[in-house]
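Reminder, nothing fancy here: chain letters follow the sequence lines and each chain counts from 1.
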There are 2 protein chains.
Amino acid sequence: MDRAVSRSFAILEALARSRGPARLSDLSAATDLQKSTVHRILATLSELGYADQDDSGRYRPTLRSWEIGIGVVADLPIYRVAAGFLQTLHRTTGETVSLTVLSGNDVLYLEKLTAARPVRFLTRVGSRVPAPLTAGGKAILSARIDAPQIIEEVAAHRDLDVPALMTELEECRQRGYALSGYSPGVTSIGAAVAVGGAPPDAALSVSAPRERLAGKTRDAIIEALLETRARMTEALDRP
Amino acid sequence: MDRAVSRSFAILEALARSRGPARLSDLSAATDLQKSTVHRILATLSELGYADQDDSGRYRPTLRSWEIGIGVVADLPIYRVAAGFLQTLHRTTGETVSLTVLSGNDVLYLEKLTAARPVRFLTRVGSRVPAPLTAGGKAILSARIDAPQIIEEVAAHRDLDVPALMTELEECRQRGYALSGYSPGVTSIGAAVAVGGAPPDAALSVSAPRERLAGKTRDAIIEALLETRARMTEALDRP
DNA sequence: GCACAAAGTTCCGCTAGACGGAACAAGATT
DNA sequence: AATCTTGTTCCGTCTAGCGGAACTTTGTGC
């Protein structure tokens, strides 16, 4: 395990985590590394174009890591295919739509199109939320055999009503979509997207204030969501 | 200049560049490094969560670098503020709108909202185009004193009609927006966004097929663009 | 404005650990 | 079955990363 490599990523992560420019000594403290070591590695990162130093000597990350990262997601078949479907879903429903993928025990928000009358959201693109707490996550879990162990691991950190969740997942499996109220006052509806015959690792979801998600509107949105999911699955399976 | 660090990023970049999973020997060849070295560093990267190995032994980058990167852009004031303005501009014009930032001699596409009837675009979010070739880039350059040297550096690699470009920039400066036809058949209109009194390093742009950008529509779009730019600048200056 | 504090940078001897050639194992190809 | 090719492991060599301390610069408080 190359020590310098490991340390360089720790520094880069600390740099990205610190909102705004970071001082050398802060990074040194955050990573628990000698100042001279941090200084040397930062010089290397700067030379490579991953960090920058302003006039006052403080360091900030550059957009280099973003360029690499965006290249990675742009290569994901799900991401490429989803773009168009997300838009049509957004247009037909008029609400906030999201694309999430399962990453470990979390759901990772890959893309989000926000409604004209936006909701106060706790999540932004790039953020993680434990899968069993979100509509998209539940939709994914409901079709995976490893759902129980994921739920168990999450339950070890937060308190979850595991039995209730299990019966809820069973319901999701039957009707094809999941519901959630993770952010207070907003309801989400999620549907899992599977590629090939594999267990699903992505989901589409629609979110709106609870009062906007009732009666006919709600039924229409669910229909649009399931329709989009079907079309998208079909597009993914077409080689 | 820590060698192992430099090499690890070279490997990560090669991994991200190679669309789809990459083989060890390919990475070894691409980075001009010994197989054993690449193997060891990949093991480190895997342990750190930046790379993964599938059953067939091939390596692929994870979403880790994207998570870091998206955190970096999410911290950019321009990016945070732009989101809402991009949406309203997209809605009022109905066309494709983009947010770009100046990065070196290039313009980097940070965000893009695509029109319902989309254009065949050569650019995607995360891609780079030499600044003098795009509407957004010209708009930015027209308000910067270092424009001549950027143009000169770009002209060294591609052939540019430098004198024509300089007079065009002068026009941009006077009317407040720039025009471009970088992608064949599509016209873009760009306006620079400056924060504080500093020289601008970002731009908003609207793109559409040439035939949709004529007469009254065109005037309306330009008005909407300049209006949005004004509002956004105001929002950025408000602390 | 001076003195003190804290932050960034440089230096250098030490040695841990990265390096790379070669050998080995496991598939894939002919 | 024979032959590549690819991923993995081993190990002696020695370089390059390490960290404590000294030095310089920037900023802060009286």
Side-chain angles (χ1 to χ4, degrees), chain A residues 1-62 64-65 68 72 75 196 198 239, chain B residues 1-62 64-65 68 72 75 196 198 239:
Chain A
M1 173 98 170
D2 299 36
R3 186 156 59 147
V5 173
S6 162
R7 291 177 168 188
S8 69
F9 279 97
I11 291 173
L12 190 59
E13 286 176 22
L15 199 56
R17 221 176 0 251
S18 86
R19 317 202 155 274
R23 286 189 310 209
L24 177 63
S25 2
D26 297 337
L27 293 173
S28 167
T31 54
D32 202 35
L33 293 172
Q34 207 71 11
K35 271 204 304 175
S36 57
T37 300
V38 177
H39 182 265
R40 180 173 35 80
I41 293 182
L42 277 174
T44 301
L45 289 178
S46 300
E47 199 168 336
L48 295 176
Y50 287 91
D52 244 342
Q53 196 173 16
D54 61 22
D55 318 314
S56 68
R58 287 192 299 245
Y59 293 89
R60 49 173 74 251
T62 68
R64 192 77 182 264
S65 50
I68 292 191
V72 175
D75 267 357
Chain B
M1 173 96 171
D2 300 35
R3 187 156 59 149
V5 173
S6 161
R7 291 177 167 187
S8 69
F9 279 98
I11 292 173
L12 189 59
E13 287 176 22
L15 199 54
R17 222 181 355 255
S18 86
R19 318 202 154 273
R23 287 189 308 212
L24 177 64
S25 1
D26 296 337
L27 293 173
S28 168
T31 55
D32 202 34
L33 292 172
Q34 207 71 10
K35 271 202 307 176
S36 58
T37 300
V38 176
H39 182 264
R40 180 173 35 80
I41 292 181
L42 276 174
T44 301
L45 289 178
S46 300
E47 199 168 334
L48 296 176
Y50 287 91
D52 243 343
Q53 197 173 16
D54 60 22
D55 319 312
S56 69
R58 287 192 299 243
Y59 293 90
R60 47 174 75 251
T62 68
R64 192 77 181 264
S65 50
I68 293 191
V72 174
D75 266 358

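Residue B:Q53 has no polar side-chain atom (N or O) positioned under 4.0 Å from OP1 or OP2 of D:dT6. Phosphate contact (OP1/OP2 of D:dG19, side-chain N/O of A:S36, threshold under 4.0 Å): absent. For C:dG27, neither phosphate oxygen OP1 nor OP2 lies less than 4.0 angstrom from any side-chain nitrogen or oxygen of B:S56. For A:T37, no side-chain nitrogen or oxygen approaches OP1 or OP2 of D:dC18 to under 4.0 Å. The shortest distance between the side-chain N/O atoms of B:H39 and the OP1/OP2 oxygens of D:dT8 is below 4.0 Å. Regarding contacts with the backbone of C:dA7, every side-chain N or O of A:Y59 stays at 4.0 angstrom or more from both OP1 and OP2. When the side-chain nitrogen and oxygen atoms of A:R40 are compared with OP1 and OP2 of C:dC11, none of them lie within a distance under 4.0 Å.
Distance A:D54 CG to D:dT26 P: 13 Å, rounded to the nearest Å. Taking atom CD of B:Q34 as the reference point, atom C1' of C:dA18 lies 13 Å away to the nearest angstrom. Note: CG (A:L42) to P (D:dG19) measures 15 Å, nearest angstrom. Nucleotide C:dC24 holds its C1' atom 15 Å from the CG atom of B:L24, rounded to whole Å. One interatomic measurement links the two molecules: CZ of A:R58 to P of D:dT26, which rounds to 14 Å at whole-angstrom precision. Going from atom CD1 of B:I41 over to atom C1' of D:dG7 covers 16 Å, rounded to whole Å. Counting to the nearest Å, the P atom of C:dA28 and the CG atom of B:D55 are 12 Å from each other. Between A:L27 atom CG and C:dA7 atom P there is a gap of 12 Å when expressed in whole angstrom units.
Of the candidates C:dG8, D:dG7, C:dA18, C:dA18 carries the atom nearest the A:D2 side chain, counting heavy atoms from C-beta on. Among D:dG19, C:dG8, D:dG7, the nucleotide with an atom closest to any side-chain atom of A:R7 is D:dG19. For A:R3, whose side chain is taken as the heavy atoms from C-beta onward, the closest listed nucleotide among C:dA16, C:dC19, D:dT8 is C:dA16. Comparing C:dC19, D:dC18, C:dG8 against the side chain of A:A4 picks out D:dC18 as the nearest.
Summarising the geometry, atom CG belonging to B:L45 is positioned 11.0 Å from atom CZ belonging to B:R64; distances are rounded to the nearest 0.5 Å. The CG atom of B:L42 sits 11.0 Å away from atom CG of B:D52, with the distance rounded to the nearest 0.5 Å. For the atom pair CG (A:L27) and CD (A:E13), the distance works out to 12.5 Å, reported to the nearest 0.5 Å.
Ring-plane geometry between A:Y50 and B:F9 is classed as tilted, the angle between the planes lying from 30 to 60 degrees on a 0 to 90 degree scale.
Of all heavy-atom pairs between B:V72 and A:S65, the closest is CG2-OG, 4.2 Å.
Put simply, the side chain of A:K35 and the base of D:dG19 share no donor and acceptor less than 3.5 Å apart.
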